[in-house]
Amino acid sequence: MSDFSRQRREMVERQVAARGVRSPLVLNAMREVPREAFLPRQLQEFAYEDSPLPIEAEQTISQPYIVAFMVEALELKGGEKVLEIGAGSGYAAAILSRIAGEVYTIERIGQLAEKAASRLADLGYANVHVLHGDGTLGWAEHAPFDAIVVAAGGPSVPDSLKQQLKVGGRLVIPVGTDPRAQELVRVTRISESAFRSEDIADVRFVPLIGEEGWLPEKGELAAFARPRAIPSTRPDVLSRQIARHAQEFESIETADLAPLLRRIGDARVVLLGEASHGTSEFYRMRERITRELIEKKGFTFVAIEGDWPDAARIDHYVRHFEYSPKEWTAFARFPQWMWRNEEVRAFVDWLRHHNHAKPLHRRAAFYGLDIYSLYTSIGEVLAYLDKVDPQAAGVARQRYGCLTPWQSDPASYGQAMLSDGLETCEKDVVAMLRDILIKQNVYMSGGGEKYLDAVHNARLIASAEQYYRIMYYGSRASWNLRDTHMFETLKTLFEHHGSASKAVVWAHNSHIGNAAATEMSARGETNIGELCRNGFGNAAYAIGFGTDSGTVAAASYWDAPMEVKDIRPSHHASYERQCHECGVLRFFLPLRTGDSDLRGALMKPRLERAIGVIYRPETELASHYFQAVLPQQFDEYIWFDRTHAVTPFEAKKIDGLPDTYPFGL
Ligand code: SAM
């Protein structure tokens, strides 16, 4: 037995039990908690003296006996929800945590609150929750409590605390008009409106300072207010909880992904988000995770929020199809930087290398889920039919010709249909898709991958025709059509690759996070994240990404040039601010399998920021923030406190690369 353990046993016998504390729960807790761990190093040798001892900020850790006496006076049976006012060193909270189910403790001095929180976490007292704030107001968010104990003396019993007591609950508090000498009072709530009060001992406690306690002395207020004013809205509990559960990593390259892969388990679809379309860290971490999913879990394909024909160029390159070069460049339209950037290029090069010399069925593929390639897709279907069925190509030219007048501005198609009362092209594009599907057996003999490509382009044309037609009925309908198209494409890819296939989806947080958990649902919007969750259940794993500040590649308006813009520090009412304030710079935060208290605390809706290809910092709150419930939106959240813009590259002839290189001219 160590010296401290021996001293602790003696302390319990001589100072606590000998003075009449009988509760086995209390005596056991006192035997268990190492008081020395709650003291400054130079005072640890006095840990089991029969007295209070000084701690930081001129406060005290209470005498062991008085802690035991007060806890016994709470008459706990085990498993209760208890509130402590005056966390101090955290020692009494640790004692309570051995008996109660959950302990909530409030400390008014920030330095002490922080130290107590990290000490309790380090020592493994996971059911203690620390708040920096004014304890005389209680902790309404977690009320009512079975018991409340106050470790500082007030002039009277704070009404807020009485109101936060359950009927039948006990409140133990030192009360007296002399700030340094009090009666220990036990208040029992006997009904909604009635309380019984008993004096149970004479005690001396440091003053309870707060709105329903003593006023601070002048000098004292200044000294304590300087490091951090006591917040009236108490925002920082959550950030400390996040800090405790954040799984920190040093860098993208060295992060240990094994725990994440374990959490992903047997998921069939992993959706990897991003809080902007122009942040290097999001791309690189997504790619690192994807590489591991492909290498270690045999994921079959990557499907991105990008156009099908453009992604197909990359797919052909990475799977070594070596088709003859095309005369157009992949991802060369606005917003080019979203996929034409060094980060994506590194992944494409890796994937080509990874696939090298593997049989076709084991090469990982790369697809686009988006809907914006109407005219490129028409060109691709025509080129395909020219080769496999020239007669059908003639019919297709005629049918798709219906859309030609709007080629340069497809968005005006819907408006023209409405205002001019023209017959839409719907019948034509649907008929073309049907014809291609009917001839599957004939066309497949010319190559399954090429057929899949043509079918997808024909399907995309049909969806895009509808998309541009309904755009004028409002953004909800077109958004839903776009995300439904993405989901349907994903399902078709699963069918194509077989029942054992697995997919990684790369898209913005607003697509992959469950729409039902955000204000999108109030607008009647869905997304691929919600459709996957409903369709695949726990076999879909959605990971959101977030940042506080840094730079981002974005434009000021549609079709405007890309700029590297400064991201404003996150809004004070956002999840991002809580992550920023937790002080950990880069971390994984498991939300599906993680700590239930943290999940509970995160369930309160907050703002979340979304930067797309446009970023307007000057109107940020209105244009980029929305309400969300993070743990319902994502299964996991990855945080980078400061982030940097992606590095775009120009379309140019790149020497030394094959003619089929999708990013070259
Ligand atoms: N329970 C503590 C322990 O085990 O170390 C000892 C507490 S110490 C005797 C009293 C604590 O109450 C001090 O740390 C003081 O800062 C804190 N305090 C005083 N007024 C407070 C208030 N209104 N809200 C929260 N804490 C308060």
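In this chain, residues are counted from 1 in sequence order. Indexing begins at 1, ligand by ligand and atom by atom, following the structure's order.
At least one heavy atom of Ala87 sits under 4.0 Å from some atom of ligand 1. For the ligand labelled ligand 1, residue Ser62 lies inside the 4.0 Å heavy-atom shell. Under the 4.0 angstrom criterion for non-hydrogen atoms, Glu84 is in contact with ligand 1.
Side chain to side chain, Tyr104 and Glu141 fail the donor-acceptor criterion of an N or O pair below 3.5 Å. Tyr48 and Arg35 form no side-chain donor-acceptor contact under 3.5 Å, judged by distance and modelled atom types alone. For Glu212 and Thr136, the side-chain atoms include no donor-acceptor pair closer than 3.5 Å.
Neither the backbone nor the side chain of Pro52 comes within contact range of ligand 1; no heavy atom lies under 4.0 Å. With a 4.0 Å heavy-atom cut-off, ligand 1 is reached by the side chain of Gln59 but not by its N, CA, C or O. Residue-level proximity to ligand 1 for Val67 is absent, since no heavy atom of it falls below 4.0 angstrom.
Ring planes of Phe545 and Phe640: parallel class, angle under 30° (limits at 30 and 60°). Classification of the His142-Trp139 ring pair by plane angle, with boundaries at 30° and 60°, yields perpendicular.
Close approach of ligand 1 to Ile109 (heavy-atom distance below 4.0 Å) involves ligand atoms 16 (O). The distance from ligand 1 to the heavy atoms of Thr136 drops below 4.0 Å at these ligand atoms: 23 (N). Close approach of ligand 1 to Asp134 (heavy-atom distance below 4.0 Å) involves ligand atoms 23 (N), 24 (N). Applying the 4.0 Å criterion to heavy atoms of Ile85 picks out, from ligand 1, the atoms 24 (N), 25 (C). Taking every heavy atom of Pro207 and a limit of under 4.0 angstrom, the matching atoms of ligand 1 come to 19 (C), 20 (N). Taking every heavy atom of Ile61 and a limit of under 4.0 angstrom, the matching atoms of ligand 1 come to 5 (O). Close approach of ligand 1 to Leu112 is summarised as follows: ligand atoms under 4.0 Å from at least one heavy atom of the residue are 14 (O).
Of the protein's non-hydrogen atoms, the one nearest atom 16 (O) of ligand 1 is Glu107 OE2, 2.6 Å. Counting protein heavy atoms only, atom 25 (C) of ligand 1 is closest to Arg108 N, 3.3 Å. In this structure, atom 7 (C) of ligand 1 lies nearest to the protein heavy atom Gly86 O, 3.3 Å. Atom 10 (C) of ligand 1 has as its closest protein heavy atom Ala151 O, 3.2 Å. In this structure, atom 4 (O) of ligand 1 lies nearest to the protein heavy atom Ala92 N, 3.0 Å.
Within the cation-pi definition used here (under 6.0 Å to the ring centroid, within 45° of the axis), Arg19 qualifies as a partner of Tyr65.
Enclosure of atom CD in Glu253 by more than 12 non-hydrogen atoms of other residues, nucleotides or ligands within 6.0 angstrom is indicated.
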